[in-house]
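Some notes on the structure that comes next.
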Amino acid sequence: MSRLPFGRATPCETPSLKVGFLLAHQFTISALSLFMDALRLAADEGDRSRPIRCSWSVMAARPEPIRSSCGVTVSRTAPLTDPKQFDYIVVVGGLLHSGEQMDDASIAYLRAAASAGVPLVGVCTGSFVLARAGLMRGRRCCISWYHHADFEAEFPDIKPEADQLFMVDRDRITCAGGSGVADLAAFLIERHVGASAAQKSLHVLQLQNRRQGSDAQPHAATGTAGGDDRVRRAILLMEQHVAEPLSVETIAHRLQLSSRQLERLFQDTLAVSPAVAYRQLRLGYAKRLLQTTRKSVTDIAIEAGFCDGAHFARQFRAHFGIAPRDLRAPESVVLEMTPQASVRSACDASMAQETVM
C-alpha cells in the first residue's frame, strides 16, 4: 500500500487513500463526520481541506438527500461509482428499527464491490447492513455492546464481538461506532498516508493518540470496573452471556488469563470474586425485568441464567432482602426495556451497592 511522507504533497498527486461512503437511512451523523473529518485533516496541510492525500465521496443510488437519525440530511456528492476506484467503501449505519436501511441498488453495489475485492467497512450498525447483504459469512464482526443482543438474535450464524473498538478480518472491517470511528479512520490513514497524518487528525479533533482496534469499548459499567481493562472485558462477556452463564475458567481463557489471575484482578478492582460479580449482575438484571416487564418470575429466572424459580427466589431474597414476587411493579407503570439496556442498568446498580455474598 502506498505511503507518502507527510508534508511533501502537491495538489497534482494521486490520493494515497480513497474512500467511498454509503449512508443507511437514518444513519448516525457522528460516525460519518468523525470518519470524514479525520480524512479531511489528514489530506492537506493545516486546515485547508484540499483532498490531496485522501479523497472521499458520499455516494447514493438516488439524488434525494439522505436523512440522518438526528434529522439532518446529507446530499450525495457522487452516484454509485466503480468500486475499484476506492481503497475502501464505508457503510455508515444508524437506527436499526426504522424501516429499510439501504435500497436494493446500494446492496447490489456492495455485493459487486465485494466480488471485485474492494474492502468493505461497516461502522456503527453498518455491520448489520453488511450481514443482511450476506457479506459477513465466515467473518469476525465487531458490534457495539449496545447492539450485541440485537445482532445475535438476527444473525445466529455470525459470532459478534463486543469487547473491542474495531476489527479487521481480511477485506472486511467492522467498527462498534462512537468515538472508535475516529480511531479506525486514523488506523487507515496511518496505513496509507503515514503516522504523522493520522496523529494530526486526532489531535486537531481534540482526541488522544490513536487507540488500537483491540482496545476495550467504553461502557456504562467501566466506572464499576475501575480502571482495569481486563475486568471491563470480563464484565462485557458476562453481560453478553446472562441466560447461559459462562464459567469463570471460560472467561479467563477468552481473556488469555488464568482463573487465579482473574480472581485476583476482580478482588483487587471490585473486592468480589468473578463468580459473585457475575451473580450480582444476573440478579440485578432479573430485578430490572421484575420492575419493568410483565414476564413471569419463572421466565425471568431462566432469562437471568438460574436453573429454576426456587433457586432464583432464594438467591434474590438473600441479595435484595425481598422476594421476587413482592417486587413486581404496578401494572400502570410497567415499561418494556431491551435486554441490553436492562443489563447495563443492572451492572451499574447491583454491583455498586452490593457487598460480597
- Pairwise distance OG1(Thr125) to CG(Asp150) - rounded to 0.5 angstrom: 10.0 Å
- Should we count CZ of Arg260 as having more than 12 external heavy atoms under 6.0 Å? no
- For the side chain of His253 and the backbone of Glu249, is there at least one donor-acceptor N/O pair under 3.5 Å apart? no
- Show the numbers, then the answer: is there a side chain to side chain contact (heavy atoms under 4.5 Å, CB included) between Gln280 and Val272? CA-CA 10 Å; Gln280 291 175 354; Val272 296; 4.2 Å; yes
- Any donor-acceptor pair under 3.5 Å from Arg139 side chain to Asp169 backbone: yes
- Note on the structure: So OG of Ser115 and CG of Leu110: to nearest 0.5 Å the spacing works out to 11.0 Å
- Report the distance from atom CZ of Phe86 to atom CH2 of Trp56, rounding to the nearest 0.5 Å. 12.5 Å
- Item | Point-to-point distance, once rounded to the nearest 0.5 Å, from CZ of Arg62 to CG of Leu80 | 10.5 Å
- Under the 3.5 angstrom rule, does the side chain of Ser33 hit a backbone N or O of Ile29 as a donor-acceptor pair? yes
- Message: Using a 3.5 Å distance criterion without hydrogens, assess whether the side chain of Arg53 forms a donor-acceptor pair with backbone atoms of Val193.
- Response: no
- Query: Strictly by modelled atom types, are Arg132 and Gln101 linked by a side-chain donor-acceptor pair under 3.5 Å?
  - Reply: yes
- Message: Could you check, using the six-membered ring where one of them is a Trp, whether Tyr88 and His192 have ring centers closer than 6.0 angstrom?
- Response: yes
- Would you call Asp37-Arg40 a salt bridge at under 4.0 Å N-O? yes
- Message: Test your reading of the model: is there a side-chain donor-acceptor pair from Lys200 to the backbone of Gly46, 3.5 Å cut-off?
- Response: yes
- Query: Are Leu95 and Trp145 joined in one hydrophobic group, where the rule is that I, L, V, M, F, W and Y side chains link up if heavy atoms are under 4.5 Å apart?
  - Reply: no
- Message: Among Ile173, Val181, Val19, Leu39, which residue satisfies the side-chain contact (heavy atoms from CB on, under 4.5 Å) criterion with Val90?
- Response: Val19
- If you measure from CD on Glu100 to OG on Ser106, what distance do you get to the nearest 0.5 Å? 9.0 Å
- Query: Can you tell if the side chain of Leu236 reaches within under 4.5 Å of the side chain of Arg232, non-hydrogen atoms only?
  - Reply: no
- Task: Would you please classify the geometry between the His311 ring and the Phe306 ring as parallel, tilted or perpendicular, with 30° and 60° separating the classes?
- Result: tilted
- Query: Side chain of Ser55, backbone of Pro15: donor and acceptor closer than 3.5 Å?
  - Reply: no
- Note on the structure: Heavy-atom closest pair (Met136 atom, Ala131 atom, distance to 0.1 Å) is CG-N, 3.8 Å
- Task: Without swapping roles, check the side chain of Tyr109 against the backbone of Ala60 for a donor-acceptor pair under 3.5 Å.
- Result: no
- Between Asp183 and Arg210, does at least one N-O distance fall below 4.0 Å, as a salt bridge requires? no
- Task: First locate atom CG of Leu135, then atom OG of Ser127, and finally report the distance between them rounded to the nearest 0.5 Å.
- Result: 12.0 Å
- Following the transitive rule for hydrophobic clusters with a side-chain heavy-atom cut-off under 4.5 Å over Ile, Leu, Val, Met, Phe, Trp and Tyr, establish whether Val168 and Val118 coincide in one cluster. no
- Task: Return yes when atom CD of Glu64 has more than 12 non-hydrogen atoms of other residues, nucleotides or ligands closer than 6.0 Å, and no otherwise.
- Result: yes
- Message: Heavy-atom count check: over 12 atoms from other residues, nucleotides or ligands less than 6.0 Å from Lys159 NZ?
- Response: yes
- Would you check, one step at a time, whether the test side chain to side chain contact (heavy atoms under 4.5 Å, CB included) holds for Leu265 with Leu257? CA-CA 10 Å; Leu265 285 169; Leu257 300 169; 3.8 Å; yes
- Task: Mark yes or no for whether Thr269, through its side chain, and Phe266, through its backbone, hold a donor-acceptor pair below 3.5 Å.
- Result: no
- Should Leu262 and Ser259 be marked as a side chain to side chain contact (heavy atoms under 4.5 Å, CB included) after you check the CA-CA gap, both sets of side-chain angles, and the distance that decides it? CA-CA 5 Å; Leu262 189 63; Ser259 298; 5.8 Å; no
- Item | Verdict with supporting geometry, Glu303 and Tyr285, side chain to side chain donor-acceptor pair (under 3.5 Å) | CA-CA 9 Å; Glu303 190 169 336; Tyr285 174 49; 2.6 Å; yes
- Is a side-chain N or O of Arg50 found less than 3.5 angstrom from the main chain of Asp44, in a donor-acceptor match? no
- Item | Polar side-chain atom of Thr81 near backbone of Pro79 as donor-acceptor pair, under 3.5 Å | yes
- Message: Please determine whether residues Val123 and Met102 belong to a single hydrophobic cluster, defined as Ile, Leu, Val, Met, Phe, Trp and Tyr linked transitively by side-chain heavy-atom distances below 4.5 Å.
- Response: no
- Query: Where do Phe27 and Ser69 land on the side chain to side chain contact (heavy atoms under 4.5 Å, CB included) test, with the steps shown first?
  - Reply: CA-CA 5 Å; Phe27 71 95; Ser69 57; over 6 Å; no
